[in-house]
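Down below is the structure, laid out as structure tokens.
Sequence lines set the chain letters: A, B, ... in the order given, protein chains first and strands last, and positions in each chain run from 1.
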Amino acid sequence: MGKKLKFSLLAALASLALVTAAGAALRSGAASPSTLVFATSADPVVLDGALISDGESGRVIIQIYEGLVGLKPGTGFPAPGLALSWSPSKDGLAWTFNLRHNVTFTDGTPFNSAAVCANFGRWYNFTGSFQNPDATYYWQTVFGGFAHNEPGSPTSSLYRGCKAVGKYTVRLFLTQRSASFIAALSAASFSMESPTAMAKYGANQGSVDSNGVFHPTGTYATQHPTGTGPYMLKSWKVGDKLELVPNPHYWGPKPHIQRLIFKAISDNAARLQALESGEVDGYDLVAPQDIPTLKKAGFQVLSRPPFNVAYVGFNSSIPPLDNQLVRQAVAYGLDRQSVVNSFYGGRARVAQEFMPPQLFGYSKKVQKYTYDPNKSKALLKQAGLTLPVKLDFWYPTSVSRPYMPDPKANFEAFAAGLEKAGFQIVAHSAPWRPDYLSAVNSGKAQMYLVGWTGDWGDPDNFIGTFFRTPQDAWGNFKYPALYALLTKALGETDSAKRVAEYQQANELIMKFLPGVPYAHTSPAIAFRKGISGYVPSPVDVQAFSTVSVK
Amino acid sequence: MLRFVVRRLLLLVPIMVGLSLLVFLWIHALPGTPAVALLGERATPQNVAQFKRQYGLDKPIYDQYLAWTKTTLKGDFGYSIEDRRKVTTDFFERFPSTVELAVAAMLVSVLLGIPLGFIAAKRYGTWLDHSSLVASLIGISTPVFFLAIILKYLFAVKLHWLPTVGRISPLIDTPHPTNFYVLDAIIQRDWSALWDVIKHLILPALALGSIPLAIVARITRAAVLDVQNEDYVRTARAKGLAPRIVDRRHVLRNALLPISTIIGLQTGFLLSGAILTETVFARPGVGTWLASAIAYRDYPVLEAGILFLSILFVLVNLLVDISYAIINPRIRYS
């Protein structure tokens, strides 16, 4: 018995012994001065800019590829990329780009005007499931339809053609005037890709399944992405890691980091602990509540410049929100300052317009609505309503967005303020995706919390997206003058006029009040000590080529 | 025995048909569509309609089920809507990770649970017995994710002994021909990789294994207490057989029967528990795959994934039934 017991105890302690035997220090992330492990929230979908609409794909794509238009570091504003300069024709329907000389893709294919036209031609000629909105979202948002449109695709296209004028001069033709498309070309979705590599590795190949749905089958987007950027793909195993190495022929400054590894960790707390344990060197999408912990432990917390807007949206076709006085009463009844003070950890400011103040076209003359419950009540009485006025107010659950870390807290604070201002709030909640967004986007929700993060530095990407056309979420309100003004501003090639038009639009919007913007936030990124040179971008696009590790 | 196995395998067919129908209806009854899930704030009603048309989601549900059955019978499980990869590719890349985790967790629960339960029974009524009861109660009632965070804090953040995420350090480059990383490292005789893979398994296995461990310990204790008062044990002792031989041949062997039943049932728990554990430890397994498929309403992945897992569950329980016959030769199947 004694022996048996001893044996059992030994067996029982076996696993514990394993744990203690692992006593050797384990700081893998900090292993080598030229290696950086960065935790992301998910793997990329594919490494083909034309076929993505998510930020995690974009994060890797902009290390491998470059577009015609780049961004001024740390801003959302256009700067020379693979094109050194550009200018519109007199009628605004043709744009000429002067390309950077002596640039080659990593497979040796020269980058020139023919390559540019090959890329635009590819995007315009997508067929089948390449026209799915999740695949070519940005093409469809910026340029609209295709050469041959599948049922359901946009019917018209902004794009008309591409012409190689010289070896390094290329001209794009548009069907109507657009000034915002230049800024849009900075998005990862309009990256220049090697035409040779795309053909060799079947970037446009696919098979049709039993439902008639086309699926890409080539290996280009998963194993052989070929661009001109500072890094190139070494290996990618979904769920494990994605590793980049420097592009030896890069035309620009050589990157410092020799092994750039992206590791997907979907859980917020797991990303934090992976940084704390030294397994990763940095991570994005830091939860605001973790910032004090990180700072106390000596980690660097960097801020992105605010490039988003959180707002209370109205479906203004559902009474009583069809009445402008009631919408104003809501605006005066929302205690935006205290929400921003309480739930954003000092990383937000009250929004007065539907776009961030850094963007051109922001107006200083919009009507402001400071919390004033008595004014709300007076406005409601003026509208001939008996108090309290009932409103259906929706908020999402199981979600945290950069512009809305804790939706329920925002909702509760807003609801309390509104009840003091003469409203009776009926709460509705649903899981963010897909239930909540379905309710909001289909116009079912009368009043709701939502927001937007900009994709590029152009006002059209904010107020144009929201208000250039009637939308169900806003109750398809009738305001032809606003729709017309935003359409005109989109095509305006005179930049001074364009600024004035967007300022005017912001003033009209804040008077009409289709909703109430309430916060612009600065999302945070964390790094361990010794990492330098990372310039946080407002639009989630930041090159790692400037980063170095000590 | 063979007839029994064949009959049980044939039973899989009606189970699969019923299950596939159930899963199909259940998934499609969930509100929302993959379009909204994928496009987020950017899903306009036009985008959603276009998406549904292109994925055939606007057709009547029975048409969709028939189409799905037809392709599935051909062994074609379609493509993931979320990451556009072949469902079978994804599954076979991720399944080994989950098996490794489940086996490791099972080892933790069996290797620790049986001795603990046995000792508790042998020291019935002593402080050892009481503390093992309390410990197993804590084990059963601690949520996996909570335990995971505590373990990670202690062993990774504070002590820097063990890693918290993934299956292998991102700095190690080693091929994975089978996707069973333990096996891959052994095949290549890459012992540092093997050690790294094992280190990545310890904390998840402890977290996931905690509940089965507690259950196995309690069942073992109860079974041993039961058996050791049986007549045949008393007889064996009276014959003057050495106590440890009595324990091994008569007590433990007979106590193993209820324990193996529990182990079979716990496989189901391990597979569902893997969803949480894999998420918290960022392990690319079937659990994280299904969790994100639910969030994205990724119908092809959910349908195939749940089907694969149920087949596995049925097979494991068949193995348990067969093991009865080995443990207790009196049990015969016909």
Structural part of A/Ala42 lying under 4.5 Å from a heavy atom of chain B: neither

Choice from B/Val157, B/Val280, B/Asp90 maximising heavy atom contacts with chain A below 4.5 Å: B/Val157

Side chains of A/Thr136 and A/Gln140: any donor to acceptor distance under 3.5 Å? yes

How about B/Val87 and B/Trp289: do any of their side-chain heavy atoms sit closer than 4.5 Å? yes

I want to check something: taking the side chain as every heavy atom from C-beta on, are B/Leu101 and B/Phe281 in contact at a cut-off of under 4.5 Å? no

Heavy-atom pairs under 4.5 Å with chain B - which of A/Ile261, A/Asp240, A/Asp472, A/Val440 has more of them than the others? A/Asp240

Where on A/Arg259 is there a heavy atom nearer than 4.5 Å to chain B: the side chain, the backbone, both, or neither? side chain

How are the rings of A/Phe466 and A/Phe462 set to each other: parallel, tilted or perpendicular (split at 30° and 60°)? perpendicular

So, B/Thr279 versus A/Asp267: side-chain donor-acceptor pair below 3.5 Å or not? no

Axial cation check for A/Tyr283 ring with A/Arg271, 6.0 Å and 45° limits: no

Is chain B contacted by the side chain of A/Glu150, its backbone, both, or neither, given a heavy-atom distance below 4.5 Å? side chain

Which bit of B/Tyr181 is near chain A, if near means a heavy-atom gap under 4.5 Å: side chain, backbone, both or neither? side chain

For chain B, which candidate among A/Ser153, A/Ala269, A/Ser442, A/Ser235 shows the most heavy-atom pairs at distances under 4.5 Å? A/Ser153

Which atoms of A/Ile265 come close to chain B, meaning under 4.5 Å heavy atom to heavy atom: side chain ones, backbone ones, both, or neither? both

For the residue pair A/Lys237 and B/Glu93, establish whether any side-chain heavy-atom pair is separated by less than 4.5 Å. yes

Which bit of B/Arg283 is near chain A, if near means a heavy-atom gap under 4.5 Å: side chain, backbone, both or neither? neither

Close side-chain approach of B/Phe91 to B/Val286, heavy-atom, < 4.5 Å: yes

Chain A: which of B/Ile168, B/Ile149, B/Ile114, B/Asp173 shares the most heavy-atom pairs with it under 4.5 Å? B/Asp173

For A/Leu275, is it the side chain, the backbone, both, or neither that has a heavy atom closer than 4.5 Å to a heavy atom of chain B? neither

